[in-house]
**Q** 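Before I ask anything, let me first share the structure, which is written out below as structure tokens.
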Amino acid sequence: MGKELAKTYDPSGLEDRLYQKWIQKKYFHAEVDEERTPFTIVIPPPNITGQLHMGHALDNTMQDILIRFKRMQGYNVLWQPGTDHASIATEVRITETLKAEGVDKRELGREKFLERAWAWKKEYGGRIVSQLKKMGSSCDWDRERFTMDEGCNRAVTEVFVKMHQKGYIYKGARIINWCPVCNTSISDAEVEYQEQAGHLWHIKYPLMQEDGTPSSTEFLTFATTRPETMLGDTAVAIHPDDERYKHLIGRSVMLPLMNRPIPVVTDTYVDMEFGTGVVKITPAHDPNDFEVGKRHDLPVINVMNDDATINGNGGKYAGMERYEARKVIVEELDRLGLLVKVEDYSHNVGTHDRCKTTVEPLVKEQWFVKMEELIKPAVEAVKKGEIRLVPQRLEKIYFNWTDNIRDWCISRQLWWGHRIPAYYCDQCGEILVAAQAPEKCPKCGCSHFTQDPDTLDTWFSSALWPFETLGWPDRTRDLDYFYPTSVLVTGYDIIFFWVIRMIFSGYEHMGKPPFKTVLFHGLIRDSQGRKMSKSLGNGIDPLEIIDRYGADALRLTLITGNAPGNDMRFYYERVENSRNFANKVWNASRFILMNMEGREVSRPEVSSLEPADRWILSKLNTLVKEATDNMENFELGIAVQKVYDFIWDEFCDWYIEMVKPRLYNTDHVESQNAALWTLRTVLIDALKLLHPYMPFITEEIFCTLQSQEESIMISAWPRFQEERCFPREERDINIIKEAVRGIRNLRSERNVPPSRKASVIVVSDDTDVINAFSEGRLFFASLAYANEVSLYGKAEAGGRVDEQSAVSVVIPGATLYIPFAELVDMAQETERLEKEKKRLEGELARVNGMLSNERFLSKAPEAKVAEEKEKLARYTQMMEQVELRLARLKTQ
RNA sequence: GGAAGCAUAGCUCAGCUGGGAUGAGCGCUCGCCUGACUAGCGGGAGGCCAAGGGUUCGAGCCCCUUUGCUUCCACCA
């Protein structure tokens, strides 16, 4: 029947082979089929610069689990893959590469640079894709997309033009975050605030006198963290209600170093409590000051170049680097006696998330997306539950952002990306936004245009990903059928960058949400809880783990032992455990195959199934239900944990062991067949439940086990079956298990090796126990290392069981004895019984306490009360026994 | 300055809508080559569930307060 399996599971070689088979058989491929219900996931497109890291590994494992699960359930699943051009990330990389070759990006020129970029994409863009394949990802690779392919380009242009027409996209001079190293504007989301030690410089400006000269006695003192920006000060502000400064309203101060009078203005932005209650206003270099400047119609004097050196507006400081200028200016002010004091001061400084450079707020002409209206449906969707966030607590973070949303700066001074479809008339400067370059200027008739040199924020195209990958802006069948997608799986760290922007884009352009559920996961950290990062060198390469332990082990590790949305620490020990589990599954299967060898296994009549068979089938049935429910609720880790426990504990450690005597006994063909059939049936269903998590090993075993089947991944997901519920057998087997544990315990306490058999006497009047043992005596004996098992009622036991010469254990409904001549040491036994007595005393006190509590008796559910009464009876009985035994031991 | 999360066995973490923590893995420990598996099998020792208060017949779980750690957001110069 089946072929031989190796003694230990070796995933190497096997994984690639199976993946190839899946690809060849086109199992991953999806086509529109109106007869079936679609289930769609779009992949968070990895950057073409990317190398597979643990974050990808987790993200893709989760998606693949859902996809494989739904595929087996019969849904028409599509996992839409693709990659992201990653505008700034890629551009930075290529610029660095060029630099290493001694080539300056600007000298090379835009055209040549883009050639390089495309060549780079061609060479490395596929790397991350092949790495995703190593994980077992069942994406429909026939549909692979790229954010800068022809279709996506059209989508981006279409959206830009449409939103511009609707007034959602505008160009304006506003204060934006500028990265002087990357030489581009960046969005608010890309700014990372870092606590930095700095100084608070207290500086004073002299007040202007009536005669137009600065006073030498009257000053206004304020504090600043960035003294160099004073070169661009155009006012000093105080709070309108500040009594201390009321008399200064309408006057001016002299801006030192620049020798320019600037007005004292009043603005409620000023916090009277902070510092001296005076603020210098630099509209060109501070977002707040910019707003104050607008309210007071102050001039905006930009004193900085794009590379953060001081420009011509900075007088004699022109050309200085920003921190050098700071130093020189402070020294100069000190010399002039205008530096009051310097304090150490720790504050948050905005840095560029990619290069960690301190960003410079600058006033620049940029393109923006007006957010106020667009965001409304995105807020509503989550509030009304049209889009569900898992875990739900992330809604707070979501709303925190949407409630404080500001316009989105989308233009970037980069070359690699979607170029902005705006054209400027060379003659009159008229701006035309259109899909193609216009022929002639509607204003002046000129036919020469220059396209805007800027490109769009990477996330602009990512926001369209769920529908642009399905064919939008064309109205395709795919789009109709597969959109909205079912679930989005991603890390909570890109909720602002991506998730929110996809949501409002979906509503704006499709009129529908992009997905119904967002399943968030946390970060994978190192074993000390630190973020994995290149600079720390603490990153663990998933590919290396796959090489050593297999993709299945990695997948299982990433998905377990962690609550949804929480960060997780990565331990090699956990991967080893997963690998061990794979090996366990492998060997259980090997055992079953071995026993099926050369035998015809037929489906037995229900009546010929023995209690153990019914028990495991019943357990499996419960597992199917629970695991499926958990998966429907996105509790993937919980689901697979149950499957794991079932396979290792119930199936391997109990059922297989119970069934061994039947397998080795060739006299009872029917019993043997029932056992074999059950073994195979349970294994196959368990493999199916496990398949989404561990696709490779389950496929290999599944196909070995039944050569007529093509693949587990297209087999049907197990279903809960009412006729497979056997509560009675579950109860019986539990009794046997309890008894086995009791016996093993007795033996272990006395260090009796399994090879030494001993007889067991079961004494009980309990019909359940009697029934369980009459049916299960055979495997009980094997599990309890017994050479003989006798069963007596209490009455008949009197004459046959000599309690003085046996060790015993009490289980619910029965007492088990082993003649202890061969096993027991007296002193040890006494000590043990004393301990047991103490424990029982405690238990009895507790139960008695509860049962004498009036309120408990009146308010607790009946079942609970009954349960406690039962315990009382049991404990009392056990106590009697213990006391009796103790007494007897002492008299000996 | 706001907000969230975490605090349970030596370590890392599970514990659903409140009902005895037989919690999991690793580690430790004792015993086993028991005819699939030593990447294994069978035992065991480790927890006043961060502190304090409250609600309840009953709290790891709900409410309040406190402490410690982590993270996110934010324009306090």
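All figures in this text were calculated on a predicted structure; none of them were measured in a lab. Below, chain A is the first sequence line, B the second, and so on; all start at residue 1.
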**Q** Just compare B:C76, B:G40, B:C72 and give me whichever is closest to any side-chain atom of A:Ile397.
**A**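 Looking only at side-chain atoms, A:Ile397 lies closest to B:C72.
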
**Q** For A:Gln194 and B:C73, give me the distance from atom CD to atom P, rounded to whole Å.
**A** 12 Å

**Q** Looking at the side chain of A:Tyr269, which of B:G40, B:A39, B:C76 is the nearest nucleotide?
**A**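 Closest nucleotide among those given: B:C76.
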
**Q** Applying the Watson-Crick and G-U wobble criteria at under 3.5 Å, what pairs with B:C57? Answer none if nothing qualifies.
**A**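 Looking at the geometry, B:C57 pairs with B:G19.
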
**Q** Would A:Phe274 pass as stacked on B:A77, i.e. its ring centre under 5.5 Å from the base's six-membered ring centre and planes under 30° apart?
**A** no

**Q** Looking only at atom C1', what distance separates B:A45 and B:G27, rounded to whole Å?
**A**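 It works out to 13 Å between them.
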
**Q** Mind checking if A:Asp653 touches a base, just sugar-phosphate, or nothing, with heavy atoms under 4.0 Å?
**A** sugar-phosphate

**Q** Give one of base, sugar-phosphate or nothing for A:Phe222, where a contact means two heavy atoms less than 4.0 Å apart.
**A** nothing

**Q** Has A:Tyr193 got a side-chain N or O lying under 4.0 Å from the OP1 or OP2 atom of B:C75?
**A**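 Affirmative; the distance criterion is met.
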
**Q** For B:G19 and B:U12, measure between their C1' atoms and round to the nearest Å.
**A**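 Per the computed distance, 29 Å lies between those C1' atoms.
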
**Q** Which is true for A:Gly561 with a 4.0 Å heavy-atom rule: it touches a base, it touches only sugar-phosphate, or it touches nothing?
**A** sugar-phosphate

**Q** Quick one: A:Asn400 CG to B:A74 P, roughly how many Å, whole number?
**A**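 Computing the A:Asn400:CG to B:A74:P distance gives 8 Å.
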
**Q** With a cut-off of less than 4.0 Å, is there a side-chain N or O of A:Asn404 near OP1 or OP2 of B:C73?
**A**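 A:Asn404 to B:C73 OP1/OP2: no side-chain N or O under 4.0 Å.
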
**Q** Is the phosphate of B:C41, meaning OP1 or OP2, less than 4.0 Å from a side-chain N or O of A:Trp648?
**A** yes

**Q** Quick one: label A:Lys396 by what it contacts on the DNA or RNA (base, sugar-phosphate, nothing), any heavy atom closer than 4.0 Å.
**A** sugar-phosphate

**Q** Which is more 5' along RNA chain B, the nucleotide nearest A:Thr8 or the one nearest A:Phe591? Just name the residue.
**A**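 Per heavy-atom nearest nucleotide, the more 5' residue is A:Phe591.
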
**Q** Under a 90° cut-off about 0 for the syn range, is B:G35 syn or anti?
**A**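 In terms of base orientation relative to the sugar, B:G35 is anti.
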
**Q** The side chain of A:Asn745 lies closest to which of these nucleotides: B:C37, B:C26, B:G43?
**A** B:G43

**Q** Given B:A77, B:A36, B:G42, which nucleotide is nearest the side-chain atoms of A:Tyr345?
**A** B:A77

**Q** For B:C13 and A:Asn562 - does any side-chain N or O of the residue sit under 4.0 Å from the phosphate oxygens OP1/OP2?
**A**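 False: A:Asn562 side-chain N/O out of range (4.0 Å or more) of B:C13 OP1/OP2.
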
**Q** Given atom CZ of A:Phe651 and atom P of B:A36, what is their separation to the nearest angstrom?
**A**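 Result: 14 Å.
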
**Q** Whole angstrom is fine here: how far is it from CD in A:Gln641 over to P in B:A24?
**A**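 Nearest whole value for this atom pair: 10 Å.
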
**Q** Do the side chain of A:Glu395 and the base of B:A4 come within less than 3.5 angstrom through a donor-acceptor pair of N or O atoms?
**A** no

**Q** Is there a Watson-Crick or G-U wobble partner for B:G25 with both distances under 3.5 Å, and if so, which one is it?
**A** B:C11

**Q** Which nucleotide sits closest to the side chain of A:Asn577: B:U34, B:G40, B:C26?
**A** B:C26

**Q** Looking at A:Gln194, I'd like to know if its CD atom is crowded, meaning that more than 12 non-hydrogen atoms belonging to other residues, nucleotides or ligands lie closer than 6.0 Å.
**A**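 Counting other residues, nucleotides and ligands, CD of A:Gln194 exceeds 12 neighbours.
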
**Q** Once the angle between the rings of A:Phe496 and A:Trp401 is folded into 0 to 90°, is it parallel (under 30°), tilted (30 to 60°) or perpendicular (over 60°)?
**A** parallel

**Q** Partner of B:G1 by Watson-Crick or G-U wobble geometry, both contacts under 3.5 Å, or none?
**A**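 B:C73 - that is the nucleotide pairing with B:G1, both distances being under 3.5 Å.
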
**Q** With rounding to the nearest 0.5 angstrom, report the CD1 to CD1 distance, A:Ile500 to A:Ile405.
**A** 6.0 Å

**Q** Can you tell me how far the OG1 atom of A:Thr678 sits from the CE atom of A:Met658, to the nearest 0.5 Å?
**A**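 A:Thr678 OG1 to A:Met658 CE: 12.5 Å, rounded to 0.5 Å.
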
**Q** Would you say A:Lys642 places a side-chain N or O within less than 4.0 Å of OP1 or OP2 belonging to B:A24?
**A**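 A:Lys642 to B:A24 OP1/OP2: no side-chain N or O under 4.0 Å.
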
**Q** Side chain of A:Asn288, heavy atoms from C-beta onward: which of B:U12, B:A36, B:C75 has the nearest atom to it?
**A**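 Of the candidates, B:C75 comes closest.
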
**Q** Map A:His347 and A:Asp188 onto RNA chain B by nearest heavy atom, then report which one ends up closer to the 5' terminus.
**A** A:Asp188

**Q** Within the structure shown, what part of the strands sits under 4.0 Å from A:Trp201 by heavy-atom distance: base, sugar-phosphate, or nothing?
**A** nothing

**Q** Between A:Arg406 and A:Asp188, does at least one N-O distance fall below 4.0 Å, as a salt bridge requires?
**A** yes

**Q** Given B:C37, B:A77, B:C75, identify the nucleotide with an atom nearest to the side chain of A:Lys584.
**A**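 Looking only at side-chain atoms, A:Lys584 lies closest to B:C37.
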
**Q** Can you tell me if A:Tyr785 touches the phosphate of B:G31, counting only side-chain N or O atoms and a distance under 4.0 Å to OP1 or OP2?
**A** no

**Q** Tell me the interatomic distance from A:Ile743, atom CD1, to B:G42, atom P, rounded to whole angstroms.
**A**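 Those two atoms, CD1 and P, are 16 Å apart.
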
**Q** Of all the choices, B:A77, B:G25, B:A36, which nucleotide is nearest to the side chain of A:Tyr644 once you look at every atom?
**A** B:G25

**Q** Could you tell me the Watson-Crick or G-U partner of B:C6, where both distances fall under 3.5 Å? Say none if there is no partner.
**A** B:G68

**Q** Within the 4.0 Å heavy-atom criterion, would you say A:Tyr492 contacts the bases, only the backbone, or no part of the nucleic acid?
**A** nothing

**Q** Report yes or no: is the cationic atom of A:Lys737 (NZ for Lys, CZ for Arg) closer than 6.0 Å to the six-membered ring centre of A:Phe780, at no more than 45° off its axis?
**A**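 No, cation not above the ring by the 6.0 Å, 45° rule.
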
**Q** Taking only the C1' atom of each, what is the distance from B:A50 to B:G60 in whole angstrom?
**A** 12 Å

**Q** Side-chain N or O of A:Tyr571 less than 4.0 angstrom from OP1 or OP2 on B:C13?
**A** no

**Q** Would you say the side-chain atoms of A:Asp552 and A:Tyr693 include a donor-acceptor pair closer than 3.5 Å?
**A** no

**Q** Which nucleotide, B:G40, B:G43, B:A77, lies nearest any side-chain atom of A:Val279?
**A**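 My answer, after comparing the listed nucleotides, is B:A77.
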
**Q** Can you tell me how far CD1 of A:Ile175 sits from CG of A:Asp289, rounded to the nearest 0.5 angstrom?
**A** 8.0 Å

**Q** Both distances below 3.5 Å, Watson-Crick or wobble geometry, any strand: find the nucleotide opposite B:C32.
**A**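 Here B:C32 is engaged in a pair, and the nucleotide opposite it is B:G40.
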
**Q** Name the nucleic acid region contacted by A:Glu657, choosing base, sugar-phosphate or nothing; use a 4.0 angstrom heavy-atom cut-off, strictly under.
**A** base

**Q** Is B:A45 paired to anything, Watson-Crick or G-U wobble with both distances less than 3.5 Å, and if yes, which nucleotide?
**A** none

**Q** Rounded to whole angstroms, how far apart are CG on A:Leu394 and C1' on B:C73?
**A** 13 Å

**Q** With the side chain of A:Phe496 defined as its heavy atoms from C-beta on, choose the nearest nucleotide among B:A39, B:C72, B:G5.
**A**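 Closest nucleotide to the A:Phe496 side chain: B:C72.
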
**Q** Should A:Asn566 be listed as having a side-chain N or O under 4.0 Å from OP1 or OP2 of B:A14?
**A** yes

**Q** Side-chain N or O of A:Arg579 less than 4.0 angstrom from OP1 or OP2 on B:A39?
**A** no

**Q** Would you mind classifying the nucleic acid contact of A:Trp401 as base, sugar-phosphate or nothing, using non-hydrogen atoms under 4.0 angstrom?
**A**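 The answer is sugar-phosphate, as A:Trp401 gets under 4.0 Å only of primed atoms, P, OP1 or OP2.
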
**Q** For A:Phe651 and A:Phe646, take the angle between the two ring planes, folded into 0 to 90°, and tell me which bin it lands in: parallel under 30, tilted 30 to 60, perpendicular over 60.
**A** parallel

**Q** Just the rounded figure in Å: distance from C1' of B:G2 to CG of A:Asn348.
**A** 13 Å

**Q** What are the two closest non-hydrogen atoms of A:Ala739 and A:Ile811, and how far apart are they?
**A**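 Of all heavy-atom pairs spanning A:Ala739 and A:Ile811, the closest is CB-CD1, 3.9 Å.
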
**Q** NA contact type, A:Lys280, heavy-atom cut-off 4.0 Å: base, sugar-phosphate, or nothing?
**A** nothing

**Q** Given the C1' atoms of B:A51 and B:C69, what is the spacing between them in whole Å?
**A** 15 Å

**Q** Taking CZ from A:Arg741 and P from B:G43, how many angstroms apart are they, rounded to a whole number?
**A**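 Going from CZ in A:Arg741 over to P in B:G43 covers 7 Å.
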
**Q** Checking all strands, does A:Phe399 fall into the base, sugar-phosphate, or nothing category for heavy-atom contacts under 4.0 angstrom?
**A** nothing

